[in-house]
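See below for the structure under consideration.
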Amino acid sequence: MAEEKKEKKPKIPKIPRQPMPEQDPHERARNFNEVTCGFTGELSDNEALRCIQCKKPLCIDGCPVSINIPAFIKKVAEGDILGAAKVIKESNLLPAICGRVCPQEDQCEMLCVVGKKDKPVAIGRLERYVADYEAVHGKFEMPEMSPKTGKKVAIVGSGPAGLACAGDLIKWGHTVTIFEALHKAGGVLVYGIPEFRLPKAIVERELDYLKKIGVEFRLDHVIGRIRTVDELMQKDGYNVVFLANGAGLPQFMNIPGENLNGVYSANEFLTRSNLMKAYKFPEYDTPIKRFKNVAVIGGGNTAMDAVRTALRLGADNAYIIYRRSMAEMPARKEEIEHAGHEGVKFIMLTAPVRVIGNEKGWVTGLECIKMQLGEPDDSGRRRPVPIKESEFVVNLDAIIVAIGTNANPLVAQTTPGLDLNKWGYIVVDDEKTCRTSKKGIFAGGDIVTGAATVILAMGAGRSAAKYIDEYLKTL
Amino acid sequence: MNEIVEKKVWWQDAPAIKEFEVKAPWIAEKHQAGQFVVLKVSENGERIPLTVSDKDVKKGTINILFQEVGATTMTLGRLSKGDKILDLTGPLGKPTHIEKFGTVVCIGGGIGVAPVHPIAQAFKAAGNKVISILGARTKGILIYEERMRKTSDEVRITTDDGSYGRHGFVTDELKAMIESGMKIDLVVTIGPAIMMKMVCKVTEPYKIHTYASLNTIMLDGTGMCGACRVTVGGKTKFVCVDGPEFDGHQVNFDEMMARLRQYLDEEKLAREICQKNTCGVR
Ligand SMILES: Cc1cc2nc3c(=O)[nH]c(=O)nc-3n(C[C@H](O)[C@H](O)[C@H](O)COP(=O)(O)OP(=O)(O)OC[C@H]3O[C@@H](n4cnc5c(N)ncnc54)[C@H](O)[C@@H]3O)c2cc1C
Ligand code: SF4
Ligand code: FES
């Protein structure tokens, strides 16, 4: 280490960033197995050695839940993978999931010191390796549980925010019940993100863990209908309700022809395929159409997931239609690249104008208009402006709309006294306390921030747990 | 929970009509007229909506009635008393807007009579004069006549083949009533899309307010997917959360009927497979 002191600049590791093994693009474009295969022991050993164990590890600043990254990587380098898992789990309840779906390139890896001269340390891949290793080699250990407090918490929604909150509160001795509207727990992790990116067995594993440590799941319970939030507190005796019901309401484009057969929200298309396993129809009963020419409107992760699903269902032509350029697409770079390798075609700077259909009510095409980028808008991205008389038609038999989601109003409508912002999201004191305008009611995840990320939702769930615990102590 | 405590077979020949009374105390307690449930019969099953046709809050049960027209309803029909329905979610949708209007005509066609029943009950309880028109293809498959007689001031029946009541459609009876000068304040209609469309056509020129309860394809039933969307008054609405009841004169029935045909090929295939392997509950 004496050497390192002399040098101001970080020492660049001689080992290059280790590549992620993945299925061949042509093959995987036709199956639903996971695209990336995960690091081998050798790859992870090499990659761990690339971390220079910074005194001021900037990577941690980039991590929304402040995982002690150098500490876990050190354990990997030492060959103590289970030890590494322990370090990660201090801050992150769902590492096998986050290692797969976090946008590390915008978080920890973006700030990684090695990245200033070379490619950053592959923190996400290491996280995933550690979590997957632990799943196979680790033993279930009952975490330290505080004595029962007799306090009851109801959690609405079983996405990452709800699960993370439950995981902490149960350990601190509270009784925790998660109410989930669907027949399966997991939120977007099970209905939205496809198998080829996040195998459902991994989510199942995390759910099992929570069940084992005592979290009760009440599936098929739509809060707002079967019980209101007030009833949960007044009738069923819950001391606190944590709202983690996500941003599940799909937006449509409001253009003519949008209700023709063959136009779907990304939520519908993905829910059919993922949650209902329609890609295995007729082994599974829920049908899905195997379209030949499919366009997905939008440029986010949801759009990438939808277009790659369409490809796997047998599309000859699968397009992304996006109104800005490649550089502005909000989806993860890795997902865009993967989609490109698999044969997805990108039609950029293009906006839909009208859906064209036949006399039977089915889609036959989409009229679009070319766009150019003008001045930056509120989001800081350059605003797309239509180019006059540049309309053209893409021949299609299906259109999947992935332009974003809003708050589902059901819980809010049935909870008088709950403050909402102008978009219908729940207002909280600040994103740490997660306290709403109503006593005993907390909220976190996408229902507060609008559609964001798994790690932010999970972080909110844990932060809420802390303040809920504090609040329960005052009762 | 979700246990079938009573099973009744209304009609044996395909497509059979069956009714279950299911233990679901939380749903029974909260259910209001017009609301429905979504159920899933097996691990590999699909989610389908069914309207609650009756309930017993004391016993904690709800009734659902269905015709075995697809793989899921066929599988459901194979369940017996004592079996459990794997997943049952509800009550879903907005309750019917109940008020004292005066004379309310409740029209149910086919198995649509069952979901009309709680609505007729609620209108009756609110002090309305309830006249019900029940339509069936033939006398044997007419359901819920007795229950409807109990909750209505008057019941009129039509059959397509003339085997019972008026020979004709529910619309013929409705037209006759309107033309006879009867004052009707509200019409409620549930049944096949084409029937609801025709009912709305009859009432529109007379400006009789008409509720139509729409039975679109659904997936989640919670407003998350938009599979159930219809155009009402030029605007897109989600039947599962904005409905299921809408002002019938504003509904684009043609679009709705086209959307209902989306999966005809797949439904046919699933039905054939189901018939072949007797589609036991997986
Ligand atoms: C297709 C897709 C791909 C994505 N890809 C990524 C990615 O790669 N990386 C990333 O970080 N993020 C990704 N995201 C975003 C991420 O999944 C979400 O930000 C995150 O899941 C939000 O978590 P949550 O717990 O707030 O809500 P959700 O995961 O949305 O969970 C909310 C849960 O509440 C339930 N619920 C709703 N209303 C009720 C009610 N009334 N009663 C009971 N239950 C109710 C819902 O059914 C759902 O299960 C993706 C999102 C989508 C849709
Ligand atoms: S910034 Fe990069 S090199 Fe430094 S500790 Fe973090 S991962 Fe290691
Ligand atoms: S069924 Fe999915 S939104 Fe209505």
Side-chain angles (χ1 to χ4, degrees), chain A residues 180-184 191-192 218-222 224-228 231 235 245-252 254 258-272 275-278 280-290 357 359-362 401 405-406 408-410 413, chain B residues 1-2 24 26-27 29-31 35 37-48 70-72 75 86-93 219-231 235-236 238 241 252 254-259 261-263 265-267 269-270 272-274 279 282:
Chain A
E180 168 55 49
L182 297 172
H183 61 272
K184 255 205 176 89
Y191 79 70
R218 274 185 173 253
L219 306 176
D220 299 320
H221 280 63
V222 180
R225 291 278 186 243
I226 194 157
R227 277 290 194 274
T228 61
E231 283 167 343
K235 231 173 153 159
N245 48 322
L249 190 80
Q251 283 179 33
F252 283 93
N254 293 320
E258 211 169 7
N259 293 345
L260 284 163
N261 286 348
V263 184
Y264 303 90
S265 73
N267 269 6
E268 176 180 354
F269 194 70
L270 290 171
T271 300
R272 280 183 186 277
L275 179 73
M276 307 309 296
K277 301 260 187 297
K280 293 186 182 167
F281 178 86
E283 183 194 334
Y284 281 71
D285 295 340
T286 306
I288 198 164
K289 292 270 178 193
R290 294 175 177 268
E359 66 293 340
K360 290 205 170 125
W362 281 93
V401 185
T405 52
N406 285 327
N408 186 323
L410 195 57
Q413 276 169 3
Chain B
M1 275 220 292
N2 304 359
W26 281 33
I27 299 178
E29 184 191 329
K30 288 291 285 201
H31 171 267
Q35 290 184 305
V37 293
V38 163
L39 59 80
K40 180 165 158 291
V41 191
S42 62
E43 200 44 51
N44 293 8
E46 62 178 333
R47 296 168 63 97
I48 60 157
T72 302
T75 314
L86 185 64
D87 288 287
L88 184 66
T89 315
L92 299 173
L219 188 56
D220 60 306
T222 69
M224 181 267 273
C225 77
C228 59
R229 66 196 193 279
V230 287
T231 305
K235 288 207 178 86
T236 293
F238 288 7
V241 285
N252 182 339
D254 293 334
E255 178 190 275
M256 176 184 153
M257 287 188 272
R259 289 185 63 78
R261 287 193 291 268
Q262 268 182 89
Y263 294 101
D265 299 343
E266 288 79 4
E267 284 161 13
L269 177 66
E272 283 164 8
I273 294 173
C274 189
C279 107
R282 280 171 291 218

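FYI, side chains are in, hydrogens and waters are out, and symmetry mates aren't considered; it's all heavy atoms of this structure. Proteins get letters first, then strands, A, B, ... in listed order; numbering begins at 1 in each.
- In this structure, B/Asn44 and A/Glu283 have side chains that are in contact, with non-hydrogen atoms separated by less than 4.5 Å.
- For A/His221, the ring-ring contact (aromatic ring centres under 6.0 Å, His included) partners are A/Phe179, B/Trp26, not counting sequence neighbours.
- The side-chain heavy atoms of B/Glu29 and A/Arg227, taken from C-beta on, include a pair separated by under 4.5 Å.
- In plain terms, the two heavy atoms of B/Gly223 and A/Pro250 that are nearest each other are O-CD, 3.6 Å.
- In this structure A/Glu231 satisfies the salt bridge (charged side-chain N to carboxylate O under 4.0 Å, His left out) test together with B/Lys30, sequence neighbours excluded.
- Taken from CG in B/Asn2 to CG in A/Asp220, the straight-line distance is 7.5 Å, to the nearest 0.5 Å.
- Heavy atoms only, all atoms of each residue included: B/Arg259 and A/Leu260 are closest at NH1-O, 3.7 Å.
- By the 4.5 Å heavy-atom criterion applied to side chains, A/Leu410 and B/Thr222 are not counted as neighbours.
- Using a 4.5 Å cut-off between heavy atoms, A/Asn259 touches chain B through backbone and side chain atoms alike.
- At a 4.5 Å heavy-atom cutoff, the contact between B/Val230 and chain A is made by backbone atoms alone.
- Of the two parts of A/Tyr191, only the side chain, counted from C-beta on, holds a non-hydrogen atom closer than 4.5 Å to a non-hydrogen atom of chain B.
- Atom OH of B/Tyr263 sits about 10.0 Å away from atom CZ of A/Phe281, to the nearest 0.5 Å.
- The minimum heavy-atom distance linking A/Met276 with B/Gly45 is given by the pair CE-O, 3.5 Å.
- Atom NZ of B/Lys235 has 12 or fewer neighbouring heavy atoms from other residues, nucleotides or ligands inside a 6.0 Å radius.
- Once rounded to the nearest 0.5 Å, the distance linking CG of B/Leu92 with CZ of A/Arg225 reads 7.0 Å.
- Using a 4.5 Å heavy-atom threshold, the side chains of B/Arg47 and A/Leu182 count as touching.
- Residue A/Lys360 touches chain B through its backbone alone, counting heavy-atom pairs closer than 4.5 Å.
- Interface summary for chain A: among B/Ile27, B/Leu86, B/Thr231, B/Val241, the most heavy-atom pairs under 4.5 angstrom belong to B/Thr231.
- Across all non-hydrogen atoms, the minimal contact from B/Arg229 to A/Tyr264 is NH2-N, 4.4 Å.
- At a 4.5 Å heavy-atom cutoff, A/Val401 makes no contact with chain B through either its backbone or its side chain.
- In this structure, the portion of A/Arg218 lying under 4.5 Å from any heavy atom of chain B is its side chain and not its backbone.
- Nearest heavy atoms, B/Thr89 versus A/Ala181: CG2-O, 3.8 Å.
- Atom CG in A/Asn267 sits 8.5 Å away from atom CG in B/Asp220 (nearest 0.5 Å).
- Most heavy-atom pairs under 4.5 Å with chain A, from the set B/Leu88, B/Asp87, B/Asp265: that is B/Asp87.
- Among A/Val263, A/Asn261, A/Leu249, A/Thr286, the residue with the largest count of heavy-atom pairs under 4.5 Å with chain B is A/Asn261.
- If you measure heavy-atom distances from A/Leu270 to chain B, you find no contacts under 4.5 Å at all.
- Proximity to chain B is limited to the backbone of A/Ile288, based on heavy atoms less than 4.5 angstrom apart.
- Among all heavy-atom pairs drawn from A/Gly262 and B/Gln262, the shortest one is N-OE1, 4.3 Å.
- Contact of the A/Glu258 side chain with the B/Thr236 side chain is not registered, since no non-hydrogen atoms from C-beta on lie closer than 4.5 Å.
- Between the side chain of A/Ser265 and the backbone N or O of B/Cys225 there is at least one donor-acceptor pair closer than 3.5 Å.
- At least one side-chain heavy atom of A/Lys289 sits less than 4.5 Å from a side-chain heavy atom of B/Glu266.
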